[in-house]
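Notes for the one structure printed next.
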Number of protein chains: 2
Amino acid sequence: MIDQNANTTRNQILDAARELFAKHGYAGTSIADVANQVGTSKAGVYYHFRSKEEILDAILDQPILSLSKLVERAAVEHLSPEQLLSAYIDGMARSGKVLIALWNDLSIQEKLTRHNVEEKCGQIISLLAGPQPTEGKLIRARAAFAVAQTAINIISSHNGYLSPEIRKELLDAALRALGQPPAHI
Amino acid sequence: MIDQNANTTRNQILDAARELFAKHGYAGTSIADVANQVGTSKAGVYYHFRSKEEILDAILDQPILSLSKLVERAAVEHLSPEQLLSAYIDGMARSGKVLIALWNDLSIQEKLTRHNVEEKCGQIISLLAGPQPTEGKLIRARAAFAVAQTAINIISSHNGYLSPEIRKELLDAALRALGQPPAHI
DNA sequence: GTCTATAAGGGGATAGAC
DNA sequence: GTCTATCCCCTTATAGAC
């Protein structure tokens with residue numbers, strides 16, 4: 001919680017790692033790469049983190065927590081598909097490009113499995129599919145979730161910013177894929 | 001072209017590599033892993049392939065060619081969104097799980113860039129967006145393409161098979177995301 | 001065609017000086 | 001806190017026997 005955005009060496013390392021993991025993946029990024037990007041040495045990095053994996057954990061911490069909270073909240077508050085997809089898109093927007101990169105990074109899939117990431121997404125998809133999910137409803141729910149996921153790609157290609165107009169367009173597309181055209185037309 | 005499906009050692013190596021690349025990614029799979037899976041030695045693998053990259057090329061060859069052909073055909077024949085998405089889904093179904101894994105594998109992104117994969121997908125998205133693409137139409141086209149991409153995940157979770165019913169459900173969801181509800185309802 | 005043995009280099013991680 | 005030097009293992013790739 002402390003100095004979340006302070007310009008400490010530790011945060012510089014995290015920023016460099018986020019950028020490099022997003023570009024080359026976890027396995028494709030070496031500690032030397034991170035050190036060079038920051039302008040320090042490998043041992044310098046290891047002064048701030050016990051291992052490469054600890055850097056990854058520090059990066060994954062916030063997005064995974066955010067996903068967990070959304071799933072918990074959705075189960076309790078009985079969110080509508082629109083609210084669910086909306087919240088998911090906003091969560092992605094906050095986490096940035098590195099999330100989708102790590103998400104698809106097979107070299108850390110074991111860790112993601114340990115944190116039940118796929119299971120939590122499955123829960124969101126179940127909620128989107130509704131109480132009596134036929135196979136068709138599940139397919140549509142998956143489709144809607146996939147549309148929401150593309151938010152991150154669009155954000156990346158718009159300099160890290162998701163305008164309200166584009167956000168709405170994306171949300172509507174997801175809802176239509178789900179089979180629930182938005183009422184507010 | 002010759003012995004495409006013959007049970008040669010070379011094909012066994014390719015099958016093992018496909019399976020392991022799909023599971024652990026390209027960088028996360030070693031030649032020793034492939035050799036063990038086949039039941040041979042590292043040097044045995046290197047008798048059939050000059051390098052690890054040559055194995056990757058052999059695996060990527062067909063799906064990239066298939067994508068290129070689709071883009072060419074689409075440009076000439078003026079395919080409808082339904083035809084485009086349909087053909088894309090079928091192409092994915094033929095290539096199998098390894099494609100989406102390699103697709104998202106940042107450790108081989110340079111190679112995919114060299115083969116203009118992203119550019120070709122962009123062309124498909126442009127065709128989906130239509131002749132005078134507003135920003136909104138482009139977002140919807142991206143969404144529809146993303147839905148089609150999920151075909152591969154659904155295929156993976158259905159033992160490699162995409163039933164006509166599920167295929168239709170997916171295609172309809174993609175078309176709705178695009179803003180063109182299928183006429184055949 | 002397939003093996004064992006080994007070269008060559010990269011990557012994570014640590015020791016110890018400053 | 002940060003550096004240089006080093007250790008050790010894993011990986012790609014090759015040499016040469018069978």
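Proteins come first, then strands; the chains are lettered A, B, ... in the order of their sequence lines, and each starts at number 1.
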Whether each nucleotide of nucleotides 12-18 of chain C has a protein heavy atom under 4.0 Å at its base (B), only at its sugar-phosphate (S) or at neither (-) is summarised, 5' to 3', as BBBB---
Nucleic acid contacts - residues 107-115 of chain A versus DNA chain C, non-hydrogen atoms under 4.0 Å: none
Closest approach of [X] to [Y] (non-hydrogen atoms, all atoms of both residues):
{"X": "A:V98", "Y": "A:A22", "value": "CA-CB, 3.9 Å"}
{"X": "B:S66", "Y": "B:R94", "value": "OG-NH1, 4.2 Å"}
{"X": "A:A143", "Y": "B:A173", "value": "CB-CB, 3.8 Å"}
{"X": "B:L67", "Y": "B:C121", "value": "CD2-SG, 4.3 Å"}

Euclidean distance, atom [atom1] of residue [X] to atom [atom2] of [N] [Å, nearest integer]:
{"X": "B:F49", "N": "C:dT2", "atom1": "CZ", "atom2": "C1'", "result": "15 Å"}
{"X": "B:R10", "N": "C:dT2", "atom1": "CZ", "atom2": "P", "result": "13 Å"}
{"X": "B:Y47", "N": "C:dT4", "atom1": "OH", "atom2": "P", "result": "17 Å"}
{"X": "B:D33", "N": "D:dA13", "atom1": "CG", "atom2": "P", "result": "14 Å"}

Got a sec: does the NZ of B:K23 have more than 12 other heavy atoms crowding it under 6.0 Å? no
Please tabulate, for the side chains in residues 151-161 of chain B, all donor-acceptor contacts under 3.5 angstrom to protein atoms that are two or more places apart in sequence or on a different chain.
residue	atom	partner	partner atom	Å
B:S156	OG	B:I152	O	2.7
B:S157	OG	A:R142	NH2	3.2
B:S157	OG	B:N153	O	3.3
B:S157	OG	B:I154	O	3.0
B:H158	ND1	B:I154	O	2.9
B:H158	NE2	A:E135	OE2	3.3

Working to the nearest 0.5 angstrom, can you tell me the gap between A:R18 CZ and A:I13 CD1? 12.0 Å
Please assess A:D172 against A:R176 for the test salt bridge (charged side-chain N to carboxylate O under 4.0 Å, His left out), listing each intermediate value before the final yes or no. CA-CA 6 Å; A:D172 288 355; A:R176 282 197 305 272; 5.0 Å; no
Taking B:D15 for the side chain and B:Q12 for the main chain, is one N or O donor matched with an acceptor at less than 3.5 Å? no
Pairs of donor and acceptor atoms involving the side chains of residues 51-64 of chain A, under 3.5 Å and at least two apart or interchain, shall be tabulated with distances.
residue	atom	partner	partner atom	Å
A:S51	OG	A:E53	N	3.4
A:S51	OG	A:E54	N	3.2
A:K52	NZ	A:Y26	O	2.9
A:K52	NZ	A:T29	O	2.7
A:E53	OE2	A:K111	NZ	2.9
A:E54	OE1	A:R50	NE	3.4
A:E54	OE2	A:R50	N	3.3
A:D57	OD1	A:K111	NZ	2.6

Out of C:dC3, C:dT2, D:dC3, which has the shortest distance to the side chain of A:S41? D:dC3
Hey, can you pull the residues of residues 16-25 of chain B with a non-hydrogen atom under 4.0 angstrom from DNA chain D? none
Please name all residues satisfying side-chain hydrogen bond (donor to acceptor under 3.5 Å, both in side chains) with A:E118, sequence neighbours left out, ordered by chain then number. none
